[in-house]
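I have placed the structure first, in the form of structure tokens, so that the comments after it can refer back to it.
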Protein chains: 2
Amino acid sequence: MVSPTRARILDAALELIQRHGFGGTTVTGIEELAGLSPGSGSFYRHFRSKEEVFRAVLERELERAQGYRDEFERGPVADPQEALTRRFLQQLDYMARVRPLINLLAREHGRFPDLTDRIGAALVDQGIIEEAAHLMRDLPSGPAHDDPRALLTVVVSALTGYHLLQGYFGRSPSDVAPDRFAAALAAVMAAPPA
Amino acid sequence: MVSPTRARILDAALELIQRHGFGGTTVTGIEELAGLSPGSGSFYRHFRSKEEVFRAVLERELERAQGYRDEFERGPVADPQEALTRRFLQQLDYMARVRPLINLLAREHGRFPDLTDRIGAALVDQGIIEEAAHLMRDLPSGPAHDDPRALLTVVVSALTGYHLLQGYFGRSPSDVAPDRFAAALAAVMAAPPA
DNA sequence: GTCTATAAAATGATAGAC
DNA sequence: GTCTATCATTTTATAGAC
């Protein structure tokens, strides 16, 4: 059983690091948001340093992300193109759930290279592998293209880019909603090669 | 004519803010990297505060980005699909040149909402407009799709996502090089609608 | 325009009472 | 396990000599 205070500190640290970055986050601020007396140093009964809490935050988010992976529902496949659209919407949903991890990566890549590598492996590589499997499944012929891996990269890049642009500007590029985006992406994927 | 020291301070601030974020960057560190005596406060002969230098850095990068816009070369259009590939590679190149701006946005969006909006307008909206014009030009029939704006969003998202993933992990997703990526994206764009 | 020196505040971290 | 109190350091910012 973990201390509830420890969990609140993790929540507070996650929130503040996403907003102000690691360097811009203060232990005092974490204490305050966690309901502890600001500047009291009570933080240090739970973590040895600011860096340690940052690593703990990342570990927790990585575990959560692993859990989300298993929750995808698999409806019956009717139209391949529609199945793709649904799949892409689920991917966007997944990205929204791991947004904290993505934000941490976007902010602090370079400060903790070891953690960056692990996030990369967990999110991108794993995402590509699963995406490949699903494309094979939803498009009976497999990706119709002479460079399937490049095509996969296009899919993953498009989903990631759409998600990040939305996060940065608060709206999607060109004000295209997720369902329109997913449908368009599915359409070009299902199209025969030029 | 601007002071060379002022320019060096801007260079130093850009470098450090990209590495450590605004909150993690100190005036002392800026002075040191700019060749001034660390902790001397000479910084304050050029800028009133850390926030002011951050805004000045962003202004300068925005002006630079505007300049890059005009440098695209337009070779003769032979094969439409190959023209698209070249165009996408140029876009990735452009993104690499405005990477500082993208990094600043990725790190500090939310702290300076007014600047975020301006970056968004300059990079994304402008990028979409130009991309649309070029797609119209390179694909004689125009984007063959029943939702051209959604298709544009897919293109811009894919390019942005590819660029950002490369920046975050130091390599492209699935280790697909830019030319393969651009070719694959061009192929699906040039394909007839499903 | 840069330096030395320094003030004033914020910050990371510790000690000890409860 | 939290608090008050405190310390050492870092950091923002200013004053004045050169």
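Naming: A, B, ... by sequence-line order, numbering from 1 per chain.
Note: NE2 (B:His20) to P (D:dT11) measures 11 Å, nearest angstrom. With rounding to whole Å, A:Lys50 atom NZ is found 8 Å from C:dA13 atom P. The separation between A:Phe43 atom CZ and C:dA15 atom C1' is 18 Å, rounded to whole Å. The distance from atom CD of B:Glu32 to atom C1' of C:dC3 is 16 Å, rounded to the nearest whole Å. Taking atom CD of residue A:Glu31 and atom C1' of nucleotide C:dA10, one finds them 14 Å apart after rounding to whole Å. Rounded to whole angstrom, the span from the CZ atom of B:Phe47 across to the P atom of C:dT2 amounts to 12 Å. Whole-Å rounding puts the A:Ile30 CD1 to C:dA13 P distance at 10 Å. Separating the CD1 atom of A:Ile9 from the P atom of C:dA13 is a distance of 14 Å, rounded to the nearest angstrom.
With C:dA13, D:dT12, C:dT4 as the candidates, the nucleotide lying closest to the side chain of B:Ser37 is C:dT4. Closest approach to the A:His46 side chain among D:dT12, D:dG1, C:dT14 is made by D:dG1 (side chain taken as heavy atoms from C-beta onward). The side chain of A:Leu36 approaches D:dC3 more closely than any other nucleotide in the set C:dT14, C:dT2, D:dC3. In this structure, of C:dG12, D:dT4, C:dG1, it is C:dG1 that holds the atom nearest to the side chain of B:Ser3. The listed nucleotides are D:dC3, C:dC3, D:dT12; the one nearest the side chain of A:Ser40 is D:dC3. Closest to the side chain of B:Ser49, out of D:dT12, C:dA13, D:dA13, is D:dA13.
In this model, the phosphate group of C:dT2 is approached by a side-chain N or O of B:Thr5 to a distance below 4.0 Å at OP1 or OP2. Using a 4.0 Å cut-off, no side-chain N or O of A:Tyr44 falls inside it from OP1 or OP2 of C:dT14. For D:dC3, one of the phosphate oxygens OP1 or OP2 lies less than 4.0 angstrom from a side-chain nitrogen or oxygen of A:Ser42.
Across every non-hydrogen atom of B:Arg19 and B:Arg107, the tightest pair is O-NH2, 3.1 Å.
Taking A:Glu32 as the reference, nothing meets the side chain to side chain donor-acceptor pair (under 3.5 Å) condition, with sequence neighbours excluded.
Between A:Arg55 and the choices A:Glu59, A:Glu52, A:Glu51, the side-chain hydrogen bond (donor to acceptor under 3.5 Å, both in side chains) rule is met once, by A:Glu51.
For a distance-only test at 3.5 Å, the side chain of B:Arg45 qualifies as a donor-acceptor partner of the base of D:dG16.
Summary of the strand contacts: B:Arg48 and A:Gly39 both lie near DNA chain D, and taking for each the nucleotide with the nearest heavy atom, the more 5' one is attributed to A:Gly39.
In this structure, B:Ser3 contributes its side chain and B:Thr5 its backbone to a donor-acceptor pair below 3.5 Å. A distance-only check finds no donor-acceptor pair linking the side chain of B:Gln18 to the backbone of B:Leu104 [under 3.5 Å].
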